[in-house]
Amino acid sequence: MRPAPTILHLDMDAFYASAEQAAKPSLRGKAVVVGGLGPRGVVATASYEARRLGVHSAMPTAQARRLAPNAAYLVPRFSLYRTVSDQVMELLGRLSPLVEPLSLDEAFVDLEAGGTADDSASARATGEGLRTAIHAVTGLSGSVGLAGSKMLAKIASEEAKPDGLLLIEPGTERELLAPMSVRILPGVGPATGDHLRRAGMTTVHDLAEAGEAELVRLVGKAHGHGLYRMALGLDDRPVVAERDAKSVSVEDTFDVDLHDRVRVRGEVERLAVRCVERLRAADRSGRTVVLKVRRYDFSTLTRSETLRGPTDDPTVVREAAGRLLESVDTTGGVRLLGVGVTGLADYTQEDLFAQAADARELAQRAQEHSSPPVEGGEESVPEPEPDSAELLAARRWPAGHDVHHEKHGHGWVQGSGVGRVTVRFEEPWSAPGRVLTFRVDDPLLRPADPLPLVRDAADYSSWPASLPKSRSGADSSGGGESSP
């Protein structure tokens, strides 16, 4: 524990949904749900307006629609979220060399290491300045927690939500934590929380009073020891600037089970290419290819193949994933497919490229010499299951995604169906725009890249030295309502 609250935790408020509201003037102040929109879709983020109706992340989208039938349901735009995240992380990097990103919208910062805070007053000023900078650069709000440890800084940011700042003064940790639910502590999920409740422990005060020996008896030595320390407000974990990823993977859940083997193979190959794209974006390579298959009955199978050395070649990964698929029975249907790479390294074993080329050449020669001729000169292969026109339209025009019309300008997709796509034409800095409907194959309409959320962002090139220390109308002592 530090004697000063110089560990900062930033958590952007309802990040995906807030970014969509900032980009779409007609959705501001309205319920917005971002996530998968198919029958098996799951909510990624809900705006605060939707949360008040009972919608929350990880909820099935079908359930969310019952709770908030009039909300706007949008497909995520990760290119926009990553751009905004990069802007936020760049601001954090100016505060300290020790920034530990947890996700696109969340990070710890060691202010002491950056020399930007050494006591409560300077920490509060830096936190308020950060919130001002984020709002000016991105148009979005973030909640800030400041404390002497990572655990308490994260708890503080949760208590400050939305759009607030909470600083926990050293020496007040136990008093603050005592009345809180045990679920506020890291690692206490529903199962552990229920186990502790049955033992008569519902608050952090109950854990501290029970003592370490009793907690060890209830939940085991390792967990019990850590739980007791957290109940006392003790946490010595440092802010780590770089966290090594152990694997890179992508997966898709399908609205309708896939039965056609050719279609399944095609999806695996597509996922393999996406996985390598992520691998290369992280400047990494990997040695072990992993295939994940969830079947119609929810049984999940994984298969892996370890290569002779690390690679980032899409052909090698695609072919390895294809070989792994051959050992999996998909007869009853497939709900989910995933491809991942583990055993990450910072270099590539170059001879794997030659290995893949040699393998393809050998296979081609064998086919030319041993395969019987096929009538018509071409080998007959099963056709994949045809996609419906509705599904193809939804894939080309996802709800919430950007489009450009040569006559009407920039807009976003409100929905598509029955051969039509409905578009609202507006920009982040315009008034709510008008709605028009077009044929899905209208030659004047095309997908577009997201626009910046702030057209004329303030110049923060000299930040934080020149940054005002407080934001007009901002609460400098704590957040408004707690995060639902």
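In this chain, residues are counted from 1 in sequence order. Hydrogens, waters and symmetry mates are skipped; everything else that's a heavy atom, side chains included, is used.
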Check this for me, if you would: do Arg294 and Glu251 make a salt bridge, where the nitrogen-to-carboxylate-oxygen distance has to be below 4.0 angstrom? no
Check the angle between the aromatic planes of Tyr16 and Phe78 and answer parallel, tilted or perpendicular using the 30° and 60° thresholds. perpendicular
Does any non-hydrogen side-chain atom of Phe108 lie less than 4.5 Å from one of Val99? no
Is the backbone of Ile134 close enough, under 3.5 Å, to the side chain of Thr138 for a donor and an acceptor to pair up by distance? yes
Classify the side-chain pair His405/Arg446 by whether it contains a donor and acceptor separated by less than 3.5 Å. no
So, do Trp412 and Pro450 sit near enough that their side-chain heavy atoms are less than 4.5 Å apart? no
Using modelled atom types only, decide if a donor and an acceptor are shared between the side chain of Arg274 and the backbone of Val250 within a distance under 3.5 Å. no
Would you sort out whether Val182 and Leu207 count as a side chain to side chain contact (heavy atoms under 4.5 Å, CB included), showing the intermediate values? CA-CA 8 Å; Val182 295; Leu207 300 181; 3.7 Å; yes
When you check the side-chain N and O atoms of Thr83 and Asp86, is any donor under 3.5 Å from an acceptor? no
Please walk me through it: do Leu337 and Val293 pass side chain to side chain contact (heavy atoms under 4.5 Å, CB included)? CA-CA 5 Å; Leu337 290 169; Val293 180; 3.8 Å; yes
When you measure from the side chain of Thr172 to the backbone of Glu169, do you find a donor-acceptor pair of N or O atoms at a distance under 3.5 Å? yes
With distance as the sole test, does Glu112 use its side chain to make a donor-acceptor pair with the main-chain N or O of Ala117 at under 3.5 Å? no
Should the pair Arg335 and Phe298 be classed as cation-pi, given the thresholds of under 6.0 Å to the six-membered ring centre and 45° from the axis? yes
Do Ser141 and Asp13 meet the criterion of a side-chain donor-acceptor pair at a distance under 3.5 Å? yes
Polar side-chain atom of Glu49 near backbone of Ala31 as donor-acceptor pair, under 3.5 Å: no
To the nearest 0.5 Å, how far apart are CG in Leu95 and CG in Leu130? 5.5 Å
Tell me if the aromatic rings of His259 and Tyr296 count as close, with their centers under 6.0 Å from one another. no
Could you check if a side-chain atom of Trp429 sits within less than 4.5 angstrom of a side-chain atom of Val454, using non-hydrogen atoms only? no
Which atom pair, heavy atoms only, marks the closest approach of Val317 to Ala272? CG1-CB, 4.1 Å
Return the minimal non-hydrogen interatomic distance between Pro452 and Pro428, and the atom names on each side. O-CG, 3.5 Å
Tell me if a side-chain donor or acceptor on Thr61 pairs with a main-chain N or O of Gly41 at a distance below 3.5 Å. yes
Using every non-hydrogen atom in the two residues, find where Ser157 and Asp11 come nearest and quote the distance to one decimal. OG-CB, 4.3 Å
Can you find a heavy atom in the side chain of Val339 that is under 4.5 Å from one in the side chain of Leu291? yes
Is the closest basic N to carboxylate O distance between Arg124 and Glu128 below 4.0 Å? no
Shortest non-hydrogen pair, Ala178 vs Thr203, comes out as O-CB, 3.5 Å
Using the side-chain contact (heavy atoms from CB on, under 4.5 Å) rule, pick out the option among Asp163, Val84, Asp105 that qualifies with Leu140. Val84
If you apply the rule salt bridge (charged side-chain N to carboxylate O under 4.0 Å, His left out), what do you find for Arg2 with Asp110, and how did you get there? CA-CA 11 Å; Arg2 296 185 177 185; Asp110 187 335; 2.5 Å; yes
Specify the closest pair of heavy atoms between Ala17 and Ala46, including all atoms of both residues, with the distance to one decimal. CB-C, 3.9 Å
Straight-line distance of Ser26 OG to Arg434 CZ, nearest 0.5 Å: 14.5 Å
Is a side-chain N or O of Thr126 found less than 3.5 angstrom from the main chain of Thr116, in a donor-acceptor match? yes
Is it true that a side-chain atom of Ser143 and a backbone atom of Pro162 form a donor plus acceptor pair closer than 3.5 Å? no
Begin from the C-alpha positions of Leu67 and Met59 and carry the test side chain to side chain contact (heavy atoms under 4.5 Å, CB included) through to its verdict. CA-CA 11 Å; Leu67 294 171; Met59 171 184 285; 3.7 Å; yes
Gap between atom CG of Leu80 and atom CG of Leu453 - 0.5 Å precision: 5.0 Å
Testing Lys24, Arg424, Arg77 for salt bridge (charged side-chain N to carboxylate O under 4.0 Å, His left out) with Asp402, which one passes? Arg77
State, yes or no, whether a side-chain contact exists between Arg131 and Leu165 at a heavy-atom distance under 4.5 Å. yes
Considering the options Asp257, Asp252, Asp255, which one meets the salt bridge (charged side-chain N to carboxylate O under 4.0 Å, His left out) requirement together with Arg40? Asp257
Reported CG-to-OG1 distance for the pair Asp119 and Thr6, which is rounded to 0.5 angstrom: 9.5 Å
Looking at CD of Glu173 and CE of Met230, how far apart are the two atoms once the value is rounded to the nearest 0.5 Å? 15.0 Å
Would you check if there is a donor-acceptor pair between the side chains of Thr45 and Ser57 at a distance under 3.5 Å? no
Decide, yes or no, whether a salt bridge links Lys154 with Glu106 under the criterion of side-chain N to carboxylate O below 4.0 Å. yes
Taking every non-hydrogen atom, the tightest pair across Ala208 and Arg174: CB-NH2, 3.7 Å
How long is the span from the CD atom in Glu90 to the CD atom in Gln87, to the nearest 0.5 Å? 9.0 Å
Going by distance alone, is a donor N or O of one side chain under 3.5 Å from an acceptor N or O of the other, for Tyr81 and Glu20? yes
Carboxylate-amine/guanidinium contact Glu427 Arg455, below 4.0 Å: no
From CA spacing to verdict: side chain to side chain contact (heavy atoms under 4.5 Å, CB included), Leu92, Met89: CA-CA 5 Å; Leu92 296 181; Met89 296 301 167; 3.8 Å; yes
Determine, for Asp235 against Lys150, whether the closest basic-nitrogen to carboxylate-oxygen distance falls under 4.0 angstrom. no
Would you say Val276 and Val248 make side-chain contact, with heavy atoms under 4.5 Å? no
Before accepting this row, confirm whether a basic side-chain N of the pair Arg197/Asp194 lies closer than 4.0 Å to the acidic partner's carboxylate O. yes
With the side chain counted from C-beta on, respond yes when Val421 and Arg396 share a heavy-atom pair under 4.5 Å apart, and no when they do not. no
Output yes when a side-chain donor or acceptor of Thr330 lies under 3.5 Å from a complementary backbone atom of Gly333, and no otherwise. no
Evaluate the side-chain proximity of Val403 to His410: yes if any heavy-atom separation is below 4.5 Å, no if none is. no
Spell out, as yes or no, whether a donor-acceptor pair under 3.5 Å connects the side chain of Arg280 to the backbone of Asp312. yes
